Amino acid sequence: MNHLELPFLVLFGTILAQPLGRRLGIAPAVLMTVFGCALALIPAVPDVRVAPDLILPLLLPPLLYAAARRTSWRTFAQNWGAIALQAIGLVVVTAAVVAVVTHLWHPAVPLAVAFVLGALVAPPDPVAVGALAGRLGLPRRLVAVLEGEGLFNDVTAIVLYGIAVQAVVTGQFSAWSAAMEFVLAAVVGIAVGLVFGWCGSWLMRRLDEAAWQVALGLALPFAAYRLAEALGGSAVLAVLVCALYLTDAATDFGGSDYRLVGDSFWAIIDMLVTGIAFGLIGLELATVLRDAGPDWPQYLGISGAVIGAVVGIRLIWLLATWAMFGRWWRRREADEPYTWRETVVTWWAGQRGVATVALALAVPLTTESGAPFPWRSGILFTAFALVLFTLLIQGPTLPLVVRATGVRADTDVERTMERQLWTRILRAELTRLQQVAYLEDLPDEVYDRLHVGIERRLARADPEAADEAKAAAEHSADLNRKLHRINQEVLAAGRDEAMAARREHGVPPDLVDRVMRRLDLRSP
């Protein structure tokens, strides 16, 4: 097996890990890590040596962009206090505590090197948070805080990581320069993100194909990342600002095609890139063990100490901030007050993942003088140990913590909000239909057909809201069900005929595919 075949094998494993993980009740990331370890044990599989300077630019932009598309500026603004405390304060404190613990445990490790380790293990993973939130039914506001922390803590961690790596590589460090670099990185990152977000939305308004718009959305995070990095700014912050800007602007330029294609495309990208990252964990772990040789058992002690420090300082920090700011948060969020139970869930939900893996793999091989980067094997081993701990211990036991604390989303409130939203949508559609009917003097038959079509779509999306709408519009539910059934049969017959035509000689397949897409979009 050569280096060209290995990536395709990892991609194939990523795809199979999704249904297998669902059937076994195991996170696909765990399966991919095990798969990577198994591959590394095969003699025919070559050693994986990924160029460190390629890891972050290739892995982080698409993952951060995909995660940021699921949130918005308004969600961040509503929870900015809790997010900032965890995404900035907790990351800085965690990095410092881990650096001190590492240096005290193993004095031969320079403090700057220990800080590199602290910075890369500090940020929880937004991808892991997003995956667990929907499965566990956590309160929406709590999920917003966890996702916001997972996104913006990468900014803090990567800036700290860059400062620490530079100090090790060059052998020089200035606290004042580091502080100024932190501020400059934030300002430049925000500026670059806003520029790319505005330019991207301007271009997308002028592209009339959803595929072109989504393709541009794929290119923008890489471009924003690279330019911000070249200008000395926070590349991660540039990607996040660009993604959030485009997410809000999509309400103006994004049609149904864009949403359908974009959601599917970014779900695939998220799955594949995450799978590759965790597959690399397994492959690189075997390489790290071989590089460490007989000294690898000594890494177990420091790994345990770092895991204890990361988990312990997160609990202490969250309990302290809840005690200090909990009363203020309760006043701001009267409907969903912060509680100690939510604090416990937030603590155990701090899983590490792709960001930690990418930063660990990106540690340079040598310093500026050409000497090997100090204790690089120990950094990788400890980082991977922490990620495996969160995957194998925290992830599987988080549902138990949620059940034990009784933290649940108020589903009745959400259902009520959803019914109210559908009622608003129905009223807006009916109002517009009445205006068009008046302006264009629609025949009664056409008006009734369009009126029933609106109700039928609503019935499929939210039967309870549809019942209210039908009662108000004096239409019976039996008629809607009958029309829905007939419409489904008619559409199915049309699709069957289109697929039959696709197999006929002389009928262009791309023409049939274009017609099929329009048929699919017509589905109620």
Side-chain angles (χ1 to χ4, degrees), residues 52 55 89-124 153 156-179 181-182 281 284-317 320 350 352 355-390 393:
I55 294 294
L90 180 54
V91 169
V92 173
V93 171
T94 301
V97 170
V98 168
V100 171
V101 168
T102 302
H103 184 66
L104 292 177
W105 188 282
H106 196 350
V109 178
L111 195 57
V113 175
F115 206 89
V116 172
L117 174 62
L120 65 88
V121 301
N153 61 17
T156 308
I158 291 178
V159 171
L160 295 177
Y161 170 86
I163 293 171
V165 168
Q166 185 179 14
V168 176
V169 171
T170 63
Q172 298 176 353
F173 174 76
S174 168
W176 173 253
S177 298
E181 184 177 341
F182 192 95
I281 293 178
E284 280 275 355
L285 183 57
T287 303
V288 169
L289 290 175
R290 282 196 293 269
D291 291 346
D295 296 332
W296 73 265
Q298 71 178 351
Y299 296 149
L300 294 176
I302 186 61
S303 298
V306 168
I307 292 172
V310 168
V311 174
I313 196 62
R314 182 174 178 84
L315 178 61
I316 294 171
W317 178 271
R352 270 58 179 177
T356 295
V357 173
L359 290 174
L361 295 175
V363 173
L365 299 174
T366 61
T367 64
E368 202 173 64
S369 64
F373 194 95
W375 209 60
R376 187 176 188 274
S377 296
I379 292 175
L380 266 65
F381 186 96
T382 306
F384 290 174
L386 175 62
V387 172
L388 291 175
F389 170 82
T390 63
I393 305 298

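Along the sequence shown, the residues carry numbers beginning at 1. None of these values were measured; they are calculated from a predicted model.
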Worksheet item: Would you call F373 and I379 a side-chain contact if the rule is heavy atoms closer than 4.5 Å?
Response: yes

Worksheet, complete the sentence: With sequence neighbours left out, the residues meeting ring pair (Phe, Tyr, Trp, His ring centres under 6.0 Å) with F381 are Y299

Worksheet entry | Close side-chain approach of L380 to S377, heavy-atom, < 4.5 Å | no

Discussion item. How about CH2 on W105, more than 12 heavy atoms from neighbouring residues, nucleotides or ligands closer than 6.0 Å, or not?
Written reply: no

Worksheet entry | Partners meeting side-chain contact (heavy atoms from CB on, under 4.5 Å) with T366 (sequence neighbours left out) | none

Fill in: The single option from L365, V168, V116 passing side-chain contact (heavy atoms from CB on, under 4.5 Å) against R376
L365

Practice prompt. Measure the CZ-CG distance between F115 and L120 for me, rounded to the nearest 0.5 Å.
Written response: 11.0 Å

Discussion item. I need the I163 CD1 to I158 CD1 distance, nearest 0.5 Å.
Written reply: 12.5 Å

Worksheet item: Is the shortest heavy-atom distance from the side chain of Q166 to the side chain of Q172 under 4.5 Å?
Response: no

Practice prompt. Return the minimal non-hydrogen interatomic distance between P123 and A157, and the atom names on each side.
Written response: CG-CB, 3.6 Å

Fill in: V113 to P374 - nearest heavy-atom pair and separation
CG1-O, 3.5 Å

Worksheet item: Which residues satisfy the side-chain contact (heavy atoms from CB on, under 4.5 Å) test with A108, sequence neighbours excluded?
Response: H106

Discussion item. Under the rule for side-chain contact (heavy atoms from CB on, under 4.5 Å), what residues qualify as partners of F182, not counting sequence neighbours?
Written reply: T156, V159

Worksheet item: Which atoms form the tightest heavy-atom contact between Y161 and V363, and what is the distance?
Response: OH-N, 3.2 Å

Worksheet item: Who are the side-chain contact (heavy atoms from CB on, under 4.5 Å) partners of P372, not counting sequence neighbours?
Response: none

Under 3.5 Å, sequence neighbours excluded: what are the donor-acceptor pairs made by side chains of residues 94-103?
residue	atom	partner	partner atom	Å
T94	OG1	L90	O	2.6
T102	OG1	V98	O	2.7
H103	ND1	V109	O	2.8

Worksheet item: If only atom types and distance count, is the side chain of T382 paired as donor or acceptor with the main-chain N or O of S303 below 3.5 Å?
Response: no

Worksheet item: Would you say T390's side chain and V387's backbone share a donor-acceptor pair under 3.5 angstrom?
Response: yes

Discussion item. Within the structure provided, determine whether F389 and V310 are in side-chain contact (heavy-atom separation under 4.5 Å).
Written reply: no

Worksheet entry | Euclidean distance, L117 CG relative to L359 CG, rounded to 0.5 Å | 11.0 Å

Discussion item. For a 4.5 angstrom cut-off between non-hydrogen side-chain atoms, does V92 reach L160?
Written reply: yes

Discussion item. I want to check something: taking the side chain as every heavy atom from C-beta on, are I302 and W375 in contact at a cut-off of under 4.5 Å?
Written reply: yes

Worksheet item: If you look at every heavy atom in P124 and R352, which pair is closest and at what distance?
Response: CG-NH1, 3.8 Å

